[in-house]
2 protein chains.
Amino acid sequence: MAARPANPRMAADIIEAAATLVEEFGPEGITMRMVAERIGYSATTIYLYFKNKEQLLDETVNRAYDWFAEALERAQTGTTAPERIRQGAHAYVAWGLANPGMYRLMFEWGYLGDISEDAIFARRAGWRRTRNVLERGVEDGAYRPDLDSALAADTIWVGVHGLTSLAISGRMFGNPGVADPAVVNARSHQLADALADSWESAWRPGLGAS
Amino acid sequence: MAARPANPRMAADIIEAAATLVEEFGPEGITMRMVAERIGYSATTIYLYFKNKEQLLDETVNRAYDWFAEALERAQTGTTAPERIRQGAHAYVAWGLANPGMYRLMFEWGYLGDISEDAIFARRAGWRRTRNVLERGVEDGAYRPDLDSALAADTIWVGVHGLTSLAISGRMFGNPGVADPAVVNARSHQLADALADSWESAWRPGLGAS
DNA sequence: TATCTAACTTAACAACGTTTACTGACAGGC
DNA sequence: GCCTGTCAGTAAACGTTGTTAAGTTAGATA
């Protein structure tokens, strides 16, 4: 019935369909047949472009990491380190709340497959940026000179991930399920500020170590 | 082949089997047939005691919440509020790292089903205890008098959950997969202390609001 | 002894990820 | 202008999943 490169961007289209469906039905709701139907092919066709479902989702996640990193970069327009840290934290949570299905696939979905070293490196781009911002903050005197930038970057990541993860899961606001998005958003914003406050207090210069 | 209450504790046994298998194979690895085989019955028997897989896992999670709450309670032996907060944070992370499969099922597995109000209340026992400790800390002068205990309890939860979640996922230590448990443990401990430090700095009295 | 019922199983369903075997349509060589 | 190979895609099937429907069997009751 078919022949010759009907669509040279086939792999990209499959990934795009997968990304859309992950967002619509969550990581647990996506099936190969659904992805196939969305691009107008049969399920077996996907296997011509991807080894299996795991690899398809891995590559979908890789692309999502790029979007995510771009969103974080765009948000950090401030001139001081504490300003940029705050902007990054807010942008992180905002992206997660806007893309909960993809966020869960990226950060909570089982253990990692055999992804490449390059992919690992790419996925840590945000962390490296955070660390750089922190080091510039130390140089500028905004943070304590003895601040461990790797530990601090991990602390920030832990905080924003915890907030995003709990907000998405709907477990944080007293009631199960996803509460009113406006409430979730307001509370998440408040919490992100509380986290930023506590970091700044702990890392302010002149207070002595730890 | 069988007849009359062969086992009056059937439901409890099924839950126990499910809990063991969740820990061994993770939330995504457990199947009804596996649970059935473990208790020596056929898969359909489970449906005599539970409506479906979701309800079985819900009740399994309910029991796990009790264990979890007990572990947190046992750990908080200190006399001052900051001490108890620190102990609670460490116990939280330690429990998650010791029971990663169950932890993921409890806090990251899809959205919540239609669990009862009682179950919701029970699942928030740890949060309430944290809030009480914080309020006692305010009364004792260990924390700022204007500390918002609900916000602070959420902040703590967000921190320890983020740490536990990322540590379990194996995404935090540069390499994918679950790294050397000793490394994960040491880094998690260090991070838990960093979190506690930042909270205490931000909530110390006499520094002015936020 | 006959009947009822609780407790459990076997067989089957649709849907899942995945594999195998197939079907066309085009390209190049003769 | 035809043969042949290969590429792109599909249909059918496999084993496994959660779940349901239809038995089956052992003990209690009449």
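Here is how names work: the chains are called A, B, and so on, in the same order as the sequence lines, proteins then strands, and each is numbered from 1.
- Of the residues A/V138, A/T130, A/N132, the one that meets the side-chain contact (heavy atoms from CB on, under 4.5 Å) test with A/L134 is A/T130.
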Listing time: all N or O pairs from protein to nucleotides 12-16 of chain C that are below 3.5 Å?
none

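- Counting to the nearest Å, the P atom of D/dG9 and the CG atom of A/N7 are 8 Å from each other.
- The rotation axes computed at either terminus of the helix from C/dT1-D/dA30 to C/dC30-D/dG1 lie 30° apart, taking five pairs at each end and rounding to 10 degrees.
- B/Q55 has its CD atom 11 Å from the P atom of D/dT19, to the nearest Å.
- Spacing between atom CG of B/D13 and atom C1' of C/dA7 amounts to 15 Å, rounded to whole angstrom units.
- Rounded to a whole Å, the CE atom of B/M10 is 16 Å from the P atom of C/dA6.
- For the pair B/R123 and B/F107, the cation-pi criterion (under 6.0 Å, within 45° of the ring axis) is not fulfilled.
- B/R128 forms a cation-pi arrangement with B/F121, by the criterion of a distance under 6.0 Å to the ring centre and an angle within 45° of the ring axis.
- In this entry the distance linking OH of A/Y41 with C1' of D/dA11 reads 17 Å, nearest Å.
- Few gaps surround CD on B/Q190; more than 12 heavy atoms of other groups in view lie less than 6.0 Å from it.
- The six-membered or imidazole ring of A/W199 lies away from that of A/W157, with a centre-to-centre distance of 6.0 Å or more.
- Between the CD1 atom of B/I39 and the C1' atom of C/dA7 there is a distance of 12 Å, rounded to whole Å.
- Interface residues of residues 42-50 of chain A facing DNA chain D, ordered by number: A/S42, A/T44, A/T45, A/L48, A/Y49; criterion, heavy-atom separation under 4.0 Å.
- Looking at B/E73 and B/R129, a side-chain N of the basic residue comes within less than 4.0 Å of a carboxylate O on the acidic one, giving a salt bridge.
- Ion pairing between a basic and an acidic side chain is recognised when a charged N comes within 4.0 Å of a carboxylate O; B/E59 and B/R63 show no such pairing.
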Could you walk me through whether B/Y103 and B/L97 pass the side chain to side chain contact (heavy atoms under 4.5 Å, CB included) check? CA-CA 8 Å; B/Y103 188 88; B/L97 292 179; over 6 Å; no
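- No hydrogens or angles considered: nothing links the side chains of B/N99 and B/W67 as a donor-acceptor pair under 3.5 Å.
- Taking atom CD on A/E28 and atom C1' on D/dT17, their separation rounds to 16 Å, with Å as the unit.
- Of the charged side-chain nitrogens involved, at least one lies within less than 4.0 Å of a carboxylate oxygen, so that B/R86 and B/D197 count as a salt-bridged pair.
- Within 6.0 Å of the CD atom in A/E16, the count of heavy atoms belonging to other residues, nucleotides or ligands does not exceed 12.
- Between B/K51 atom NZ and D/dG18 atom P there is a gap of 16 Å when expressed in whole angstrom units.
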